[in-house]
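Letters A, B, ... mirror the listed sequences (proteins, then strands); counts begin at 1. This one's a predicted model, so the numbers in the text were calculated from it and none came from an experiment.
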Number of protein chains: 2
Amino acid sequence: MIKPLVRKTLHEEIVNQIMDGITNGRLQPGNRIDGEAELARQFEVSRNIVREALKSLELIGVVHTINGKGSFISEDALTGIELMRLVRMMKNENYTIDLLESRIMIEGDIAYLAAQRATKKDIEDLSIIERETEEWIKKGSYKFQNGLRFHMKVAECSKNHIMQKFLRSISDELTAQRGQLILAHKSNDELMLELKEHISMIKFIKERKPEETKKVMQMHIMRAMRILKECE
Amino acid sequence: MIKPLVRKTLHEEIVNQIMDGITNGRLQPGNRIDGEAELARQFEVSRNIVREALKSLELIGVVHTINGKGSFISEDALTGIELMRLVRMMKNENYTIDLLESRIMIEGDIAYLAAQRATKKDIEDLSIIERETEEWIKKGSYKFQNGLRFHMKVAECSKNHIMQKFLRSISDELTAQRGQLILAHKSNDELMLELKEHISMIKFIKERKPEETKKVMQMHIMRAMRILKECE
DNA sequence: AAGTATTTGTCCGTATGTATC
DNA sequence: GGATACATACGGACAAATACT
(Lines give C-alpha, C1' and ligand atoms only; values in the text may rest on other atoms or scores of the structure.)
Protein backbone atom coordinates (compact mmCIF):
# COMPACT_ATOMS: atom_id res chain seq x y z
CA MET A 1 0.00 0.00 0.00
CA ILE A 2 1.29 3.42 -0.95
CA LYS A 3 1.12 6.24 1.54
CA PRO A 4 -1.31 9.05 0.82
CA LEU A 5 1.43 11.65 1.39
CA VAL A 6 -0.84 14.47 2.45
CA ARG A 7 1.07 17.17 4.22
CA LYS A 8 -1.60 18.78 6.32
CA THR A 9 -1.13 22.39 7.20
CA LEU A 10 -1.41 23.43 10.83
CA HIS A 11 -4.47 25.65 10.52
CA GLU A 12 -6.25 22.85 8.66
CA GLU A 13 -5.51 20.51 11.54
CA ILE A 14 -6.99 22.99 14.02
CA VAL A 15 -10.11 23.44 11.88
CA ASN A 16 -10.64 19.69 11.85
CA GLN A 17 -10.07 19.31 15.56
CA ILE A 18 -12.60 22.01 16.39
CA MET A 19 -15.13 20.55 13.96
CA ASP A 20 -14.67 17.10 15.45
CA GLY A 21 -15.01 18.55 18.93
CA ILE A 22 -18.39 19.97 17.99
CA THR A 23 -19.55 16.83 16.19
CA ASN A 24 -18.77 14.56 19.11
CA GLY A 25 -20.30 16.96 21.61
CA ARG A 26 -17.14 17.97 23.46
CA LEU A 27 -17.66 21.54 22.30
CA GLN A 28 -21.23 22.69 22.83
CA PRO A 29 -23.05 25.44 20.92
CA GLY A 30 -22.93 28.69 22.84
CA ASN A 31 -19.70 27.79 24.59
CA ARG A 32 -16.82 30.16 24.47
CA ILE A 33 -13.61 28.90 22.91
CA ASP A 34 -10.34 29.76 24.62
CA GLY A 35 -8.74 32.99 23.48
CA GLU A 36 -6.44 33.05 20.48
CA ALA A 37 -3.32 33.30 22.64
CA GLU A 38 -4.44 30.43 24.84
CA LEU A 39 -5.28 28.24 21.83
CA ALA A 40 -1.88 29.05 20.33
CA ARG A 41 -0.27 27.87 23.54
CA GLN A 42 -2.34 24.66 23.66
CA PHE A 43 -1.78 23.71 20.03
CA GLU A 44 1.82 24.88 20.24
CA VAL A 45 1.52 27.09 17.17
CA SER A 46 1.61 30.81 16.55
CA ARG A 47 -1.42 33.03 16.96
CA ASN A 48 -1.53 33.62 13.20
CA ILE A 49 -2.25 29.96 12.61
CA VAL A 50 -5.04 29.98 15.16
CA ARG A 51 -6.53 33.03 13.51
CA GLU A 52 -6.44 31.44 10.07
CA ALA A 53 -8.38 28.50 11.47
CA LEU A 54 -10.85 30.63 13.40
CA LYS A 55 -11.54 32.97 10.50
CA SER A 56 -12.15 29.98 8.23
CA LEU A 57 -14.65 28.51 10.67
CA GLU A 58 -16.29 31.89 10.99
CA LEU A 59 -16.90 32.10 7.25
CA ILE A 60 -19.04 28.97 7.32
CA GLY A 61 -20.79 30.10 10.49
CA VAL A 62 -19.41 27.44 12.80
CA VAL A 63 -18.03 30.00 15.22
CA HIS A 64 -18.55 33.72 15.61
CA THR A 65 -16.08 36.14 17.10
CA ILE A 66 -16.83 39.27 19.05
CA ASN A 67 -14.10 41.83 19.26
CA GLY A 68 -12.82 42.15 22.79
CA LYS A 69 -14.87 39.20 24.10
CA GLY A 70 -13.72 36.07 22.33
CA SER A 71 -14.93 33.35 19.96
CA PHE A 72 -18.06 31.27 20.50
CA ILE A 73 -19.51 28.11 19.00
CA SER A 74 -22.59 29.09 16.98
CA GLU A 75 -25.94 27.69 18.03
CA ASP A 76 -26.32 26.14 14.59
CA ALA A 77 -22.68 25.15 14.19
CA LEU A 78 -23.64 21.71 12.91
CA THR A 79 -25.38 23.21 9.88
CA GLY A 80 -22.13 24.74 8.70
CA ILE A 81 -20.14 21.61 9.41
CA GLU A 82 -22.53 19.33 7.54
CA LEU A 83 -22.74 21.70 4.58
CA MET A 84 -18.94 21.83 4.63
CA ARG A 85 -18.81 18.05 4.37
CA LEU A 86 -21.43 18.23 1.63
CA VAL A 87 -19.11 20.51 -0.35
CA ARG A 88 -16.30 17.98 -0.02
CA MET A 89 -18.60 15.17 -1.11
CA MET A 90 -19.95 17.07 -4.10
CA LYS A 91 -16.45 17.84 -5.30
CA ASN A 92 -15.51 14.17 -5.05
CA GLU A 93 -16.20 12.63 -8.44
CA ASN A 94 -17.07 9.29 -6.86
CA TYR A 95 -20.43 10.84 -6.05
CA THR A 96 -21.28 12.17 -9.50
CA ILE A 97 -24.09 9.64 -9.87
CA ASP A 98 -25.56 10.62 -6.50
CA LEU A 99 -25.30 14.22 -7.64
CA LEU A 100 -27.20 13.57 -10.84
CA GLU A 101 -29.84 11.59 -9.01
CA SER A 102 -30.19 14.48 -6.55
CA ARG A 103 -30.68 16.85 -9.42
CA ILE A 104 -33.44 14.68 -10.83
CA MET A 105 -35.21 14.67 -7.48
CA ILE A 106 -34.72 18.35 -6.68
CA GLU A 107 -35.69 19.56 -10.14
CA GLY A 108 -38.79 17.40 -10.00
CA ASP A 109 -39.81 18.99 -6.73
CA ILE A 110 -39.02 22.45 -8.04
CA ALA A 111 -41.01 21.89 -11.20
CA TYR A 112 -43.91 20.73 -9.06
CA LEU A 113 -43.84 23.90 -6.98
CA ALA A 114 -43.31 26.08 -10.05
CA ALA A 115 -46.52 24.79 -11.60
CA GLN A 116 -48.36 25.79 -8.45
CA ARG A 117 -46.78 29.20 -7.97
CA ALA A 118 -45.56 30.72 -11.23
CA THR A 119 -46.93 34.22 -11.85
CA LYS A 120 -48.04 35.46 -15.26
CA LYS A 121 -44.78 37.35 -15.64
CA ASP A 122 -42.84 34.19 -14.76
CA ILE A 123 -44.56 32.29 -17.54
CA GLU A 124 -43.87 35.11 -20.01
CA ASP A 125 -40.20 35.05 -19.02
CA LEU A 126 -40.06 31.30 -19.60
CA SER A 127 -41.49 31.73 -23.07
CA ILE A 128 -38.95 34.40 -23.91
CA ILE A 129 -36.06 32.23 -22.74
CA GLU A 130 -37.37 29.34 -24.80
CA ARG A 131 -37.60 31.46 -27.95
CA GLU A 132 -34.10 32.85 -27.47
CA THR A 133 -32.67 29.39 -26.91
CA GLU A 134 -34.30 28.17 -30.11
CA GLU A 135 -32.58 30.93 -32.06
CA TRP A 136 -29.22 30.13 -30.54
CA ILE A 137 -29.55 26.49 -31.49
CA LYS A 138 -30.49 27.37 -35.06
CA LYS A 139 -27.55 29.75 -35.28
CA GLY A 140 -25.30 27.01 -33.91
CA SER A 141 -24.08 29.28 -31.14
CA TYR A 142 -25.64 27.31 -28.30
CA LYS A 143 -23.52 27.05 -25.17
CA PHE A 144 -23.94 24.80 -22.17
CA GLN A 145 -24.57 27.79 -19.94
CA ASN A 146 -27.61 28.72 -22.05
CA GLY A 147 -29.21 25.41 -21.22
CA LEU A 148 -29.20 26.26 -17.54
CA ARG A 149 -31.13 29.50 -17.97
CA PHE A 150 -34.47 27.76 -18.38
CA HIS A 151 -33.88 25.56 -15.36
CA MET A 152 -32.87 28.47 -13.17
CA LYS A 153 -35.96 30.42 -14.17
CA VAL A 154 -38.17 27.45 -13.28
CA ALA A 155 -36.39 27.34 -9.92
CA GLU A 156 -37.26 31.00 -9.48
CA CYS A 157 -40.91 30.17 -10.15
CA SER A 158 -40.89 27.70 -7.27
CA LYS A 159 -40.49 30.64 -4.84
CA ASN A 160 -38.43 28.40 -2.57
CA HIS A 161 -35.08 30.09 -2.13
CA ILE A 162 -33.38 27.23 -0.34
CA MET A 163 -34.14 24.66 -3.02
CA GLN A 164 -33.19 27.23 -5.63
CA LYS A 165 -29.72 27.78 -4.16
CA PHE A 166 -29.17 24.08 -3.62
CA LEU A 167 -30.07 23.28 -7.22
CA ARG A 168 -27.70 26.01 -8.32
CA SER A 169 -24.84 24.40 -6.37
CA ILE A 170 -25.56 20.98 -7.82
CA SER A 171 -25.77 22.34 -11.35
CA ASP A 172 -22.55 24.32 -10.96
CA GLU A 173 -20.74 21.26 -9.76
CA LEU A 174 -22.09 19.02 -12.52
CA THR A 175 -21.16 21.65 -15.08
CA ALA A 176 -17.62 21.83 -13.72
CA GLN A 177 -17.27 18.06 -13.72
CA ARG A 178 -18.98 17.09 -16.96
CA GLY A 179 -20.33 20.17 -18.67
CA GLN A 180 -18.16 20.04 -21.75
CA LEU A 181 -18.48 16.29 -21.99
CA ILE A 182 -22.27 16.34 -22.02
CA LEU A 183 -22.53 19.16 -24.52
CA ALA A 184 -20.05 17.52 -26.85
CA HIS A 185 -22.29 14.48 -27.09
CA LYS A 186 -25.44 16.41 -27.84
CA SER A 187 -26.45 16.65 -31.46
CA ASN A 188 -28.57 19.49 -32.78
CA ASP A 189 -31.48 17.08 -33.02
CA GLU A 190 -31.16 16.27 -29.37
CA LEU A 191 -31.06 19.95 -28.47
CA MET A 192 -34.26 20.55 -30.42
CA LEU A 193 -35.87 17.62 -28.64
CA GLU A 194 -34.94 19.18 -25.29
CA LEU A 195 -36.45 22.42 -26.47
CA LYS A 196 -39.73 20.65 -27.16
CA GLU A 197 -39.71 19.36 -23.62
CA HIS A 198 -39.16 22.88 -22.37
CA ILE A 199 -42.23 24.01 -24.30
CA SER A 200 -44.19 21.11 -22.92
CA MET A 201 -43.23 22.12 -19.39
CA ILE A 202 -44.22 25.73 -19.94
CA LYS A 203 -47.59 24.48 -21.10
CA PHE A 204 -48.09 22.35 -17.99
CA ILE A 205 -46.99 25.19 -15.72
CA LYS A 206 -49.47 27.49 -17.41
CA GLU A 207 -52.22 24.88 -16.93
CA ARG A 208 -51.20 24.42 -13.29
CA LYS A 209 -50.45 20.72 -13.57
CA PRO A 210 -47.70 20.02 -11.02
CA GLU A 211 -47.47 16.26 -11.42
CA GLU A 212 -47.19 16.46 -15.19
CA THR A 213 -44.61 19.24 -15.06
CA LYS A 214 -42.56 17.21 -12.63
CA LYS A 215 -42.66 14.11 -14.82
CA VAL A 216 -41.51 15.91 -17.94
CA MET A 217 -38.73 17.61 -15.98
CA GLN A 218 -37.46 14.32 -14.60
CA MET A 219 -37.55 12.62 -18.01
CA HIS A 220 -35.76 15.64 -19.35
CA ILE A 221 -32.84 15.32 -16.94
CA MET A 222 -32.69 11.55 -17.13
CA ARG A 223 -31.72 11.83 -20.76
CA ALA A 224 -28.67 13.86 -19.76
CA MET A 225 -27.85 11.12 -17.30
CA ARG A 226 -28.09 8.49 -20.02
CA ILE A 227 -25.81 10.47 -22.31
CA LEU A 228 -23.34 10.78 -19.46
CA LYS A 229 -23.34 7.06 -18.83
CA GLU A 230 -22.95 6.21 -22.49
CA CYS A 231 -19.70 8.09 -22.88
CA GLU A 232 -17.94 6.58 -19.91
CA MET B 1 -32.41 56.90 8.57
CA ILE B 2 -29.97 55.26 10.95
CA LYS B 3 -26.69 53.94 9.67
CA PRO B 4 -26.33 50.16 9.42
CA LEU B 5 -23.17 50.24 11.56
CA VAL B 6 -21.54 47.14 10.16
CA ARG B 7 -17.84 47.14 10.89
CA LYS B 8 -16.51 44.72 8.33
CA THR B 9 -13.17 43.15 9.04
CA LEU B 10 -10.48 43.41 6.41
CA HIS B 11 -10.16 39.72 5.58
CA GLU B 12 -13.93 39.50 5.21
CA GLU B 13 -13.82 42.30 2.67
CA ILE B 14 -11.16 40.47 0.69
CA VAL B 15 -13.17 37.23 0.77
CA ASN B 16 -16.17 39.05 -0.63
CA GLN B 17 -14.18 40.81 -3.33
CA ILE B 18 -12.67 37.55 -4.55
CA MET B 19 -16.05 35.80 -4.48
CA ASP B 20 -17.62 38.64 -6.44
CA GLY B 21 -14.75 38.52 -8.90
CA ILE B 22 -15.48 34.87 -9.57
CA THR B 23 -19.24 35.34 -9.75
CA ASN B 24 -19.01 38.13 -12.31
CA GLY B 25 -16.42 36.29 -14.35
CA ARG B 26 -13.46 38.59 -13.77
CA LEU B 27 -11.64 35.75 -12.07
CA GLN B 28 -11.82 32.54 -14.08
CA PRO B 29 -11.51 28.98 -12.76
CA GLY B 30 -7.98 27.69 -13.20
CA ASN B 31 -6.46 31.16 -13.07
CA ARG B 32 -3.70 31.90 -10.65
CA ILE B 33 -4.32 34.60 -8.08
CA ASP B 34 -1.54 37.06 -7.36
CA GLY B 35 0.83 36.00 -4.60
CA GLU B 36 0.08 36.79 -0.99
CA ALA B 37 2.65 39.57 -0.89
CA GLU B 38 1.31 41.13 -4.09
CA LEU B 39 -2.29 40.95 -2.86
CA ALA B 40 -1.24 42.55 0.42
CA ARG B 41 0.26 45.39 -1.56
CA GLN B 42 -2.83 45.80 -3.74
CA PHE B 43 -5.34 45.72 -0.89
CA GLU B 44 -2.99 47.76 1.28
CA VAL B 45 -3.13 45.31 4.17
CA SER B 46 -0.67 42.96 5.80
CA ARG B 47 0.08 39.50 4.46
CA ASN B 48 -1.58 37.92 7.47
CA ILE B 49 -4.93 39.43 6.52
CA VAL B 50 -4.59 38.14 2.98
CA ARG B 51 -3.81 34.70 4.34
CA GLU B 52 -6.85 34.71 6.62
CA ALA B 53 -9.01 35.42 3.57
CA LEU B 54 -7.27 32.87 1.36
CA LYS B 55 -7.40 30.09 3.95
CA SER B 56 -11.10 30.75 4.48
CA LEU B 57 -11.78 30.47 0.78
CA GLU B 58 -9.69 27.33 0.67
CA LEU B 59 -11.83 25.65 3.32
CA ILE B 60 -14.92 25.92 1.14
CA GLY B 61 -13.00 24.85 -1.95
CA VAL B 62 -13.16 28.15 -3.81
CA VAL B 63 -9.39 28.37 -4.17
CA HIS B 64 -6.59 25.91 -3.60
CA THR B 65 -3.04 26.77 -2.67
CA ILE B 66 0.10 24.92 -3.60
CA ASN B 67 3.16 25.51 -1.49
CA GLY B 68 5.80 27.34 -3.47
CA LYS B 69 3.55 27.93 -6.49
CA GLY B 70 0.65 30.11 -5.49
CA SER B 71 -3.14 30.12 -5.14
CA PHE B 72 -5.54 29.14 -7.92
CA ILE B 73 -9.27 29.49 -8.50
CA SER B 74 -10.81 26.01 -8.31
CA GLU B 75 -12.52 24.63 -11.39
CA ASP B 76 -15.72 24.26 -9.39
CA ALA B 77 -15.32 27.46 -7.39
CA LEU B 78 -18.96 28.39 -7.97
CA THR B 79 -20.16 25.31 -6.10
CA GLY B 80 -18.44 26.48 -2.93
CA ILE B 81 -19.67 30.04 -3.35
CA GLU B 82 -23.27 29.02 -3.87
CA LEU B 83 -23.20 26.59 -0.94
CA MET B 84 -21.67 29.40 1.10
CA ARG B 85 -24.61 31.61 0.26
CA LEU B 86 -26.93 28.72 1.04
CA VAL B 87 -25.43 28.52 4.54
CA ARG B 88 -26.13 32.22 5.05
CA MET B 89 -29.70 31.79 3.81
CA MET B 90 -30.40 28.76 5.98
CA LYS B 91 -29.17 30.57 9.07
CA ASN B 92 -31.43 33.52 8.30
CA GLU B 93 -34.71 32.88 10.12
CA ASN B 94 -36.67 34.65 7.40
CA TYR B 95 -36.31 31.47 5.41
CA THR B 96 -37.54 29.00 8.04
CA ILE B 97 -40.68 28.26 6.04
CA ASP B 98 -38.64 27.59 2.90
CA LEU B 99 -36.46 25.34 5.00
CA LEU B 100 -39.40 23.32 6.30
CA GLU B 101 -40.85 23.04 2.82
CA SER B 102 -37.47 21.83 1.57
CA ARG B 103 -37.43 19.22 4.26
CA ILE B 104 -40.85 17.97 3.22
CA MET B 105 -39.69 17.65 -0.39
CA ILE B 106 -36.30 16.09 0.35
CA GLU B 107 -37.62 13.63 2.90
CA GLY B 108 -40.31 12.60 0.46
CA ASP B 109 -37.69 11.87 -2.17
CA ILE B 110 -35.53 10.05 0.33
CA ALA B 111 -38.40 7.93 1.57
CA TYR B 112 -39.18 7.04 -2.05
CA LEU B 113 -35.62 5.88 -2.69
CA ALA B 114 -35.47 4.09 0.66
CA ALA B 115 -38.46 1.95 -0.25
CA GLN B 116 -36.65 0.93 -3.42
CA ARG B 117 -33.25 0.28 -1.92
CA ALA B 118 -33.43 -0.68 1.77
CA THR B 119 -31.64 -3.94 2.55
CA LYS B 120 -32.96 -6.53 4.97
CA LYS B 121 -30.55 -5.29 7.60
CA ASP B 122 -31.73 -1.70 7.04
CA ILE B 123 -35.30 -2.75 7.72
CA GLU B 124 -34.28 -4.59 10.86
CA ASP B 125 -32.44 -1.50 12.07
CA LEU B 126 -35.52 0.62 11.46
CA SER B 127 -37.63 -1.76 13.54
CA ILE B 128 -35.13 -1.66 16.38
CA ILE B 129 -35.08 2.15 16.37
CA GLU B 130 -38.85 2.24 16.42
CA ARG B 131 -39.05 -0.13 19.41
CA GLU B 132 -36.47 1.85 21.35
CA THR B 133 -38.23 5.12 20.64
CA GLU B 134 -41.48 3.64 21.90
CA GLU B 135 -39.84 2.73 25.18
CA TRP B 136 -38.37 6.19 25.58
CA ILE B 137 -41.76 7.79 25.07
CA LYS B 138 -43.37 5.48 27.61
CA LYS B 139 -40.62 6.24 30.10
CA GLY B 140 -41.12 9.94 29.44
CA SER B 141 -37.44 10.38 28.61
CA TYR B 142 -37.96 11.23 24.94
CA LYS B 143 -35.69 13.93 23.56
CA PHE B 144 -35.90 15.80 20.31
CA GLN B 145 -32.67 14.27 19.11
CA ASN B 146 -34.23 10.79 19.38
CA GLY B 147 -36.87 11.75 16.87
CA LEU B 148 -34.22 12.37 14.25
CA ARG B 149 -32.72 8.89 14.51
CA PHE B 150 -35.50 7.28 12.50
CA HIS B 151 -35.29 9.91 9.79
CA MET B 152 -31.52 9.63 9.50
CA LYS B 153 -31.74 5.87 9.18
CA VAL B 154 -34.30 6.20 6.40
CA ALA B 155 -31.89 8.59 4.71
CA GLU B 156 -29.21 5.94 4.98
CA CYS B 157 -31.55 3.47 3.27
CA SER B 158 -31.84 5.81 0.29
CA LYS B 159 -28.16 5.11 -0.54
CA ASN B 160 -27.85 8.65 -1.86
CA HIS B 161 -25.09 10.32 0.13
CA ILE B 162 -25.64 13.81 -1.21
CA MET B 163 -29.32 13.94 -0.31
CA GLN B 164 -28.47 12.38 3.03
CA LYS B 165 -25.98 15.11 3.92
CA PHE B 166 -28.28 17.86 2.70
CA LEU B 167 -31.17 16.56 4.78
CA ARG B 168 -28.83 16.42 7.76
CA SER B 169 -27.94 20.11 7.30
CA ILE B 170 -31.57 21.12 7.02
CA SER B 171 -32.55 19.12 10.08
CA ASP B 172 -29.66 20.50 12.11
CA GLU B 173 -30.63 24.03 11.25
CA LEU B 174 -34.32 23.49 12.01
CA THR B 175 -33.40 21.88 15.31
CA ALA B 176 -31.20 24.84 16.22
CA GLN B 177 -33.91 27.32 15.28
CA ARG B 178 -37.03 25.63 16.62
CA GLY B 179 -36.15 22.30 18.14
CA GLN B 180 -37.14 23.06 21.71
CA LEU B 181 -40.21 24.93 20.57
CA ILE B 182 -41.57 22.05 18.57
CA LEU B 183 -40.90 19.44 21.22
CA ALA B 184 -42.49 21.56 23.93
CA HIS B 185 -45.75 21.59 22.00
CA LYS B 186 -45.88 17.87 21.43
CA SER B 187 -48.04 15.88 23.80
CA ASN B 188 -47.38 12.23 24.52
CA ASP B 189 -50.41 11.36 22.40
CA GLU B 190 -48.90 13.18 19.47
CA LEU B 191 -45.60 11.39 19.93
CA MET B 192 -47.39 8.05 19.88
CA LEU B 193 -49.22 9.07 16.73
CA GLU B 194 -45.90 9.85 15.08
CA LEU B 195 -44.63 6.49 16.15
CA LYS B 196 -47.57 4.82 14.39
CA GLU B 197 -46.60 6.65 11.24
CA HIS B 198 -43.05 5.38 11.63
CA ILE B 199 -44.38 1.84 11.81
CA SER B 200 -46.54 2.47 8.77
CA MET B 201 -43.50 3.68 6.84
CA ILE B 202 -41.44 0.66 7.81
CA LYS B 203 -44.26 -1.52 6.51
CA PHE B 204 -44.36 0.29 3.17
CA ILE B 205 -40.57 0.14 2.85
CA LYS B 206 -40.68 -3.60 3.51
CA GLU B 207 -43.39 -4.00 0.86
CA ARG B 208 -41.37 -1.87 -1.60
CA LYS B 209 -44.03 0.78 -2.07
CA PRO B 210 -42.16 4.03 -2.79
CA GLU B 211 -45.14 6.28 -3.48
CA GLU B 212 -46.94 5.23 -0.31
CA THR B 213 -43.84 5.60 1.83
CA LYS B 214 -43.29 9.06 0.43
CA LYS B 215 -46.85 10.15 1.15
CA VAL B 216 -46.76 9.01 4.76
CA MET B 217 -43.41 10.71 5.25
CA GLN B 218 -44.66 14.00 3.87
CA MET B 219 -47.82 13.91 5.98
CA HIS B 220 -45.62 13.09 8.92
CA ILE B 221 -43.48 16.21 8.52
CA MET B 222 -46.36 18.46 7.62
CA ARG B 223 -47.78 17.92 11.07
CA ALA B 224 -44.57 19.33 12.57
CA MET B 225 -44.99 22.30 10.27
CA ARG B 226 -48.55 22.85 11.48
CA ILE B 227 -47.46 22.70 15.11
CA LEU B 228 -44.77 25.24 14.31
CA LYS B 229 -47.24 27.62 12.70
CA GLU B 230 -49.75 27.29 15.55
CA CYS B 231 -47.33 28.51 18.19
CA GLU B 232 -46.21 31.62 16.39
C1' DA C 1 23.26 18.83 -11.24
C1' DA C 2 23.50 22.92 -8.77
C1' DG C 3 22.11 27.48 -7.60
C1' DT C 4 19.03 31.26 -7.36
C1' DA C 5 14.60 33.57 -7.21
C1' DT C 6 9.79 33.16 -6.07
C1' DT C 7 6.14 31.83 -3.13
C1' DT C 8 3.89 29.73 0.64
C1' DG C 9 4.19 28.15 5.70
C1' DT C 10 5.20 29.60 10.13
C1' DC C 11 6.72 32.33 14.03
C1' DC C 12 7.61 36.55 16.73
C1' DG C 13 7.05 41.24 18.54
C1' DT C 14 4.35 45.27 18.85
C1' DA C 15 0.64 48.63 18.64
C1' DT C 16 -4.27 49.68 18.81
C1' DG C 17 -9.29 49.29 19.52
C1' DT C 18 -12.89 47.18 22.24
C1' DA C 19 -15.44 44.94 26.04
C1' DT C 20 -15.86 44.01 31.04
C1' DC C 21 -15.58 44.94 35.80
C1' DG D 1 -11.52 56.25 35.10
C1' DG D 2 -8.40 52.45 35.29
C1' DA D 3 -7.00 47.68 34.87
C1' DT D 4 -7.43 43.56 32.42
C1' DA D 5 -8.40 40.41 28.72
C1' DC D 6 -9.08 40.02 24.13
C1' DA D 7 -9.39 40.65 19.06
C1' DT D 8 -7.55 43.35 15.09
C1' DA D 9 -3.79 44.51 12.45
C1' DC D 10 1.00 45.42 11.05
C1' DG D 11 5.84 44.24 9.61
C1' DG D 12 9.95 41.55 9.85
C1' DA D 13 12.15 37.17 9.70
C1' DC D 14 13.32 32.46 8.31
C1' DA D 15 12.23 27.70 6.69
C1' DA D 16 10.36 24.76 3.14
C1' DA D 17 8.60 23.89 -1.46
C1' DT D 18 8.77 24.96 -6.17
C1' DA D 19 10.38 26.80 -10.61
C1' DC D 20 13.88 28.36 -13.74
C1' DT D 21 18.22 28.68 -15.54
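- Looking at B:Glu135 and B:Lys138, no side-chain N of the basic residue comes within less than 4.0 Å of a carboxylate O on the acidic one, giving no salt bridge.
- Interatomic distance, A:Ile49 CD1 to A:Ser46 OG, rounded to the nearest 0.5 Å: 4.5 Å.
- With 3.5 Å as the limit, one finds a donor-acceptor pair spanning the side chains of A:Glu173 and B:Thr79.
- With pairs defined as Watson-Crick or G-U wobble and both atom distances under 3.5 Å, the stems of at least three pairs that touch DNA chain D come out as C:2-21 with D:2-21.
- A salt bridge is defined here as a Lys NZ or Arg NE, NH1 or NH2 lying under 4.0 Å from an Asp or Glu carboxylate O, and B:Arg117 with A:Glu101 meets this definition.
- Using a cut-off of 4.0 Å between Lys/Arg side-chain N and Asp/Glu carboxylate O, B:Lys159 and B:Asp122 are scored as salt-bridged.
- Mapping A:Ile49 and B:Ser71 onto DNA chain C by nearest heavy atom places B:Ser71 at the nucleotide closer to the 5' end.
- Whole-Å rounding puts the B:Asn48 CG to C:dT8 P distance at 14 Å.
- If you measure from atom CD of B:Glu52 to atom P of D:dA9, you get 7 Å, rounded to the nearest angstrom.
- Spacing between atom NZ of B:Lys55 and atom C1' of C:dT10 amounts to 12 Å, rounded to whole angstrom units.
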> Given the rule in the salt bridge (charged side-chain N to carboxylate O under 4.0 Å, His left out) test, do B:Arg149 and B:Asp125 qualify, once you have shown the distances and angles that lead to the verdict?
Replying inline: CA-CA 11 Å; B:Arg149 269 185 79 205; B:Asp125 289 345; over 6 Å; no

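- The CG-C1' distance, from A:Leu10 to D:dA16, rounds to 13 Å in whole Å.
- Looking only at side-chain heavy atoms (C-beta outward), A:Met105 and B:Leu113 come within less than 4.5 Å of each other.
- For the pair B:Arg47 CZ and D:dC14 P, the interatomic distance rounds to 14 Å; values are reported in whole Å.
- The distance between atom CD1 of B:Ile14 and atom C1' of D:dA9, rounded to the nearest whole Å, is 12 Å.
- Within residues 28-44 of chain A, the residues approached by DNA chain C to less than 4.0 Å at the level of any non-hydrogen atom are A:Glu44, in residue-number order.
- Which of C:dG9, D:dT8, D:dA9 sits closest to the side chain of A:Thr9 comes down to C:dG9.
- For the pair A:Arg51 CZ and C:dT10 P, the interatomic distance rounds to 16 Å; values are reported in whole Å.
- Taking CH2 of B:Trp136 as the start and NZ of B:Lys139 as the end, the distance is 8.5 Å to the nearest 0.5 Å.
- Close to D:dA7, at under 4.0 Å from its OP1 or OP2, lies no side-chain N or O of A:Lys69.
- Distance from the side chain of A:Asn67 is smallest for D:dT8 among the nucleotides D:dC10, D:dT8, D:dA16.
- Along DNA chain C, the nucleotide nearest A:Ser46 and the nucleotide nearest A:Gly68 are compared for position; the residue whose nucleotide lies closer to the 5' end is A:Ser46.
- Under a 4.0 Å N-O distance rule, the pair B:Arg103/B:Glu107 qualifies as a salt bridge.
- In this structure, CD of A:Glu13 is placed 11 Å from P of C:dT10, rounded to the nearest angstrom.
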